[in-house]
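Inspection log for the structure reproduced underneath, given as structure tokens.
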Amino acid sequence: MNHEQMTRQIANGDGFIAALDQSGGSTPKALRGYGVEDSEWSGDDAMFAAIHAMRSRVITSPCFGSGKVIGAILFEKTMDGDVDGKPTAEALKARGIVPFIKVDQGLEDEANGVQLMKPLDKLPALLEKSVAKGMFGTKMRSVIKSANAEGIAAVVAQQFEVGNTIADAGLMPMLEPEYDINADDRAQGEDILLAEIQKGLDALPEGRKVMLKLSIPARPGHYTTLIEHPNVLRVVALSGGYSTEDACEHLSKNPGMIASFSRGLLQDLRKDQSDEEFDGTLGKAIDKIAAASAAG
């Protein structure tokens, strides 16, 4: 797929974007969920080898290339590795899946009800490498924990500032100001978030597009104006800790949003499953998430 084809697929494709980008801090938890205990690996290299084996098994599963997964978000070490004898991005594109790369370097401590991204000092080199490896876009995550107007404005401003740097490098930025789904004041805070994102979109250079990855809103249809904004390529939803069932139920009430799930996609996969069991379990999750994305 060339850049134009990938842009068209992400803008209009039926399906969803898989999130396979667990990084250092979340990898042990992801491995335990997959049935790999901490005692089975020692050191970062072994840990990342174990998670890469899991991701490779997902990517090479026949159902993953069924056309229902239109994109996949990778961690840098996954991008750097091979799948089925090919660089991971090329293996994905061979299956009709558009590759994205996670570029943030973790979160700052909470202040003003939010967690900003840590300084992205490795970003220039990572963007250069990502372009060379044929990636289409990026993803970066901040977290909002309460309806603090100052904090939310800071999160959105940081996302757009870095997003413009990414776009200047020739990649599609996916902005992810995640709102904690357990926050008591989420509905109020999502009003503030919506207004700040709209301001950021309106201020983009002419012709520039970004993607948005947002928590499924407390009020269905809350992000319709963002979905329809001319500077937005696509709005995708994170599962945010919801189970597959709950995430799909909530997503189906939001027309125009498609899924970009991690836990909601991978939660029932286990290392000791036979290939038939693994593919069947993954296929059911893919079907369910694709159906919820289409309903939404």
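As the structure is a prediction and not an experimental result, all values here were calculated from the model.
- Ile144 is not listed as a side-chain neighbour of Glu178, based on a closest heavy-atom distance of 4.5 Å or more.
- The number of heavy-atom neighbours closer than 6.0 Å to CG of Asp184, taken from other residues, nucleotides and ligands shown, is 12 or below.
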Taking distance alone, no hydrogens or angles, what donor-acceptor pairs closer than 3.5 Å link side-chain atoms of residues 9-18 to residues at least two apart or in another chain?
residue	atom	partner	partner atom	Å
Gln9	NE2	Ile70	O	2.9
Gln9	NE2	Gly96	O	2.7

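- Within 6.0 Å of the CD atom in Glu128, the count of heavy atoms belonging to other residues, nucleotides or ligands does not exceed 12.
- Residues forming a ring-ring contact (aromatic ring centres under 6.0 Å, His included) with His250 (at least two apart in sequence, or on another chain): Tyr242.
- The salt bridge (charged side-chain N to carboxylate O under 4.0 Å, His left out) test applied to Asp80 returns Lys129, not counting sequence neighbours.
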### Task
Using the side-chain contact (heavy atoms from CB on, under 4.5 Å) rule, take Lys102 and Met140 through it: C-alpha gap first, then chi angles, then the decisive distance, then the call.
CA-CA 6 Å; Lys102 165 186 155 62; Met140 52 189 175; over 6 Å; no

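- For Lys93, the NZ atom is densely surrounded, since the number of other residues' heavy atoms within 6.0 Å is greater than 12.
- In this structure, the salt bridge (charged side-chain N to carboxylate O under 4.0 Å, His left out) partners of Arg32, at least two apart in sequence or on a different chain, are Asp38.
- A 4.5 Å side-chain heavy-atom check between Leu212 and Met174 finds every atom pair outside the cut-off.
- For the pair Ile73/Leu20, no side-chain contact is recorded, criterion being any heavy-atom separation below 4.5 Å from C-beta on.
- At distances below 3.5 Å, at least one donor-acceptor pair connects side-chain atoms of Arg57 with backbone N or O atoms of Lys271.
- A salt bridge is defined here as a Lys NZ or Arg NE, NH1 or NH2 lying under 4.0 Å from an Asp or Glu carboxylate O, and Asp185 with Lys145 fails to meet this definition.
- Shown here is Lys209, whose NZ atom has more than 12 heavy atoms of other residues, nucleotides or ligands within 6.0 Å.
- Under the rule for a side chain to side chain contact (heavy atoms under 4.5 Å, CB included), the partners of Glu190 that lie at least two apart in sequence or sit in another chain are Tyr179, Arg186, Pro217, Ala218, His222, Tyr223.
- Using a 4.5 Å heavy-atom threshold, the side chains of Glu90 and Val83 count as separate.
- Partners of Glu206 by side chain to side chain contact (heavy atoms under 4.5 Å, CB included), not counting sequence neighbours: none found.
- Using a 4.0 Å cut-off between a side-chain N of Lys or Arg and a carboxylate O of Asp or Glu, Asp84 and Arg95 qualify as a salt bridge.
- Residues passing the side chain to side chain donor-acceptor pair (under 3.5 Å) test with Arg263, sequence neighbours excluded: none.
- Salt bridge absent: Asp279 and Lys284 never bring a charged side-chain N and a carboxylate O closer than 4.0 Å.
- In summary, Lys288 and Glu245 engage in a salt bridge, as defined by a charged side-chain N under 4.0 Å from a carboxylate O.
- Panel note: side chain Thr281, backbone Glu277; a donor-acceptor pair is recorded below 3.5 Å.
- No side-chain heavy atom of Asp104 sits less than 4.5 Å from a side-chain heavy atom of Lys118.
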### Query
So Val236 and Glu176, side-chain contact (heavy atoms from CB on, under 4.5 Å) or not? Walk me through it.
CA-CA 9 Å; Val236 304; Glu176 185 184 8; over 6 Å; no

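- At a threshold of 4.5 Å between non-hydrogen side-chain atoms, the residues Glu108 and Val114 do not count as touching.
- A heavy-atom distance below 4.5 Å is not found between the side chains of Val98 and Leu92.
- Using modelled atom types, one side-chain atom of Thr60 and one backbone atom of Ser56 make a donor-acceptor pair closer than 3.5 Å.
- Remark: Phe100 engages Phe136 in a ring-ring contact (aromatic ring centres under 6.0 Å, His included) (not counting sequence neighbours).
- The backbone N or O of Asn182 sits less than 3.5 Å from a side-chain atom of Asp180, completing a donor-acceptor pair.
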### Chi angles and distances behind the side-chain hydrogen bond (donor to acceptor under 3.5 Å, both in side chains) call for Gln267, Thr244
CA-CA 8 Å; Gln267 68 176 25; Thr244 307; 3.1 Å; yes

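- Among residues two or more places apart in sequence or in another chain, the side chain to side chain contact (heavy atoms under 4.5 Å, CB included) test is passed with Pro220 by Lys253, Asn254.
- Checked against salt bridge (charged side-chain N to carboxylate O under 4.0 Å, His left out), Glu150 has no partners two or more places apart in sequence or in another chain.
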### Task
Take Asp121 and Gln105 through the test side-chain hydrogen bond (donor to acceptor under 3.5 Å, both in side chains) and record every step on the way to the result.
CA-CA 8 Å; Asp121 57 284; Gln105 295 170 223; 3.0 Å; yes

#### Entry: side-chain hydrogen bond (donor to acceptor under 3.5 Å, both in side chains) between Gln115 and Ser142, intermediate numbers included
CA-CA 6 Å; Gln115 288 181 276; Ser142 313; over 6 Å; no

### Task
Assess whether side-chain contact (heavy atoms from CB on, under 4.5 Å) is satisfied between Leu175 and Phe160, documenting all intermediate values.
CA-CA 7 Å; Leu175 315 184; Phe160 274 96; 3.8 Å; yes

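- Evaluation of the side chain to side chain contact (heavy atoms under 4.5 Å, CB included) rule for Ala153 yields Glu196 as partners, not counting sequence neighbours.
- A heavy-atom distance below 4.5 Å is found between the side chains of Gln158 and Met117.
- Qualifying salt bridge (charged side-chain N to carboxylate O under 4.0 Å, His left out) partners for Lys133, counting only residues two or more places apart in sequence or in other chains: none.
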